[in-house]
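Each remark here refers to the structure printed beneath this line.
Note that these values count all heavy atoms, side chains included, but never hydrogens, waters or copies made by symmetry.
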Amino acid sequence: IRSEAIYALIALHSGEMLPALLNDEQNLLADPDILVRHAAIAAVRRHGGPGQLQGLLDRLAVESDQDVLAAGRQAFIDIYSKLPAEQMAQWAHRLVQAPADAVNTHALAEQAVAVLAQTIDRTRNAGGTVAPDVEAASLELQADMAMNKQQYPQAVSIYAALLGLEQPDP
């Protein structure tokens, strides 16, 4: 019944109900009921913003239910993909640098780095510009992930692209 109530709130209201669902006294992302956690994530996905990213990340770090994990990752990526590229790079860096035992976070890191790279490509293809430090950060994250996965030829290729970005000062 509680999860159905959350879904009803999602349908009837915009994001103003999120503080009631995700406060320090009653954070429904941490509810023992899987259905309630799933509904809370659905609320964040539909009405949340950058302010909910840390709460989602905290939940994903300890979540054991695969359906809730998948929904949480998707909610995180949906919000993350709307951020400016500079903020995306900062979040992606945090995710990639997570401790080795943070398996759920590392899976999210791969998605975040891929979304950042796609955003950079889309921006360039649309005739926009990307700050060189953001592009360099994206390539560094891709190289780090390739090295962590022991994909050395891919890492070398990414490092070569990164070196191409760095022009010597005259």
Side-chain angles (χ1 to χ4, degrees), residues 1-122 134 137-151 154-155:
I1 292 176
R2 292 184 309 140
S3 61
E4 292 172 17
I6 295 169
Y7 285 116
L9 285 171
I10 293 170
L12 295 174
H13 302 282
S14 63
E16 72 260 8
M17 87 323 203
L18 283 178
L21 301 176
L22 308 174
N23 59 54
D24 289 337
E25 293 176 24
Q26 177 179 336
N27 182 350
L28 296 181
L29 290 174
D31 195 273
D33 185 334
I34 291 170
L35 295 175
V36 171
R37 290 196 309 273
H38 202 283
I41 286 173
V44 170
R45 184 175 182 190
R46 179 147 182 207
H47 299 295
Q52 281 74 46
L53 287 176
Q54 186 61 52
L56 282 170
L57 189 56
D58 293 344
R59 177 72 244 157
L60 292 172
V62 297
E63 183 59 56
S64 59
D65 182 82
Q66 294 302 310
D67 290 336
V68 174
L69 268 173
R73 280 189 199 118
Q74 192 57 54
F76 187 98
I77 292 297
D78 286 354
I79 295 168
Y80 166 88
S81 65
K82 296 173 186 160
L83 295 173
E86 294 81 11
Q87 289 180 20
M88 291 174 75
Q90 292 168 358
W91 274 103
H93 184 267
R94 286 179 61 192
L95 294 169
V96 169
Q97 298 302 318
D101 62 346
V103 176
N104 295 339
T105 304
H106 286 287
L108 184 60
E110 289 186 36
Q111 287 181 280
V113 170
V115 169
L116 174 59
Q118 292 165 359
T119 300
I120 290 169
D121 288 344
R122 250 185 275 131
V134 171
S138 175
L139 289 170
E140 287 175 17
L141 292 168
Q142 292 174 51
D144 286 350
M145 290 182 66
M147 289 295 290
N148 290 341
K149 292 163 57 176
Q150 299 180 347
Q151 297 172 336
Q154 182 180 1

Under the criterion side chain to side chain contact (heavy atoms under 4.5 Å, CB included), which of Ile41, Val36, Asp33 is the partner of Leu28? Val36
How many angstroms lie between atom CD of Gln151 and atom CE of Met145, to the nearest 0.5 angstrom? 9.0 Å
Atom CD in Glu63, atom CG in Leu60: separation rounded to 0.5 Å? 7.5 Å
Nearest-0.5 Å distance, CG of residue Leu83 to OG1 of residue Thr119: 9.5 Å
Side chains of Val113 and Leu95 in contact at under 4.5 Å (non-hydrogen atoms): no
Any donor and acceptor pair, going by atom type alone, linking the side chain of His106 with main-chain N or O of Pro99 inside 3.5 Å? yes
Might you point out which heavy atoms bring Ala155 and Met147 nearest each other, and give the distance in Å? CB-SD, 3.5 Å
Side-chain (Ser81) to main-chain (Ile77) donor-acceptor, under 3.5 angstrom: yes
Report yes if the side chains of Asp58 and Leu29 come closer than 4.5 Å at any heavy-atom pair, otherwise no. no
Counting C-beta onward and ignoring hydrogens, is there a side-chain heavy-atom pair between Gln154 and Lys149 closer than 4.5 Å? no
Does anything in residues 82-97 pair up under side-chain hydrogen bond (donor to acceptor under 3.5 Å, both in side chains), and if so which pairs, sequence neighbours excluded? Gln54-Arg94
CG on Leu141 to CE on Met88, rounded to 0.5 Å: 11.0 Å
When you compare the side chain of Leu56 with that of Ile79, does any pair of heavy atoms fall below 4.5 Å? yes
Is a side-chain donor or acceptor of Asp78 paired with a backbone partner of Arg45 at a separation under 3.5 angstrom? no
To check you understand the geometry: which heavy-atom pair defines the closest contact between Tyr80 and Leu53, and what is its length? N-CD2, 4.2 Å
Smallest heavy-atom separation, Pro32 atom then Arg37 atom, equals O-NH1, 3.2 Å
What pair of heavy atoms forms the shortest contact from Ala92 to Leu116, and how long is it? CB-CD2, 4.5 Å
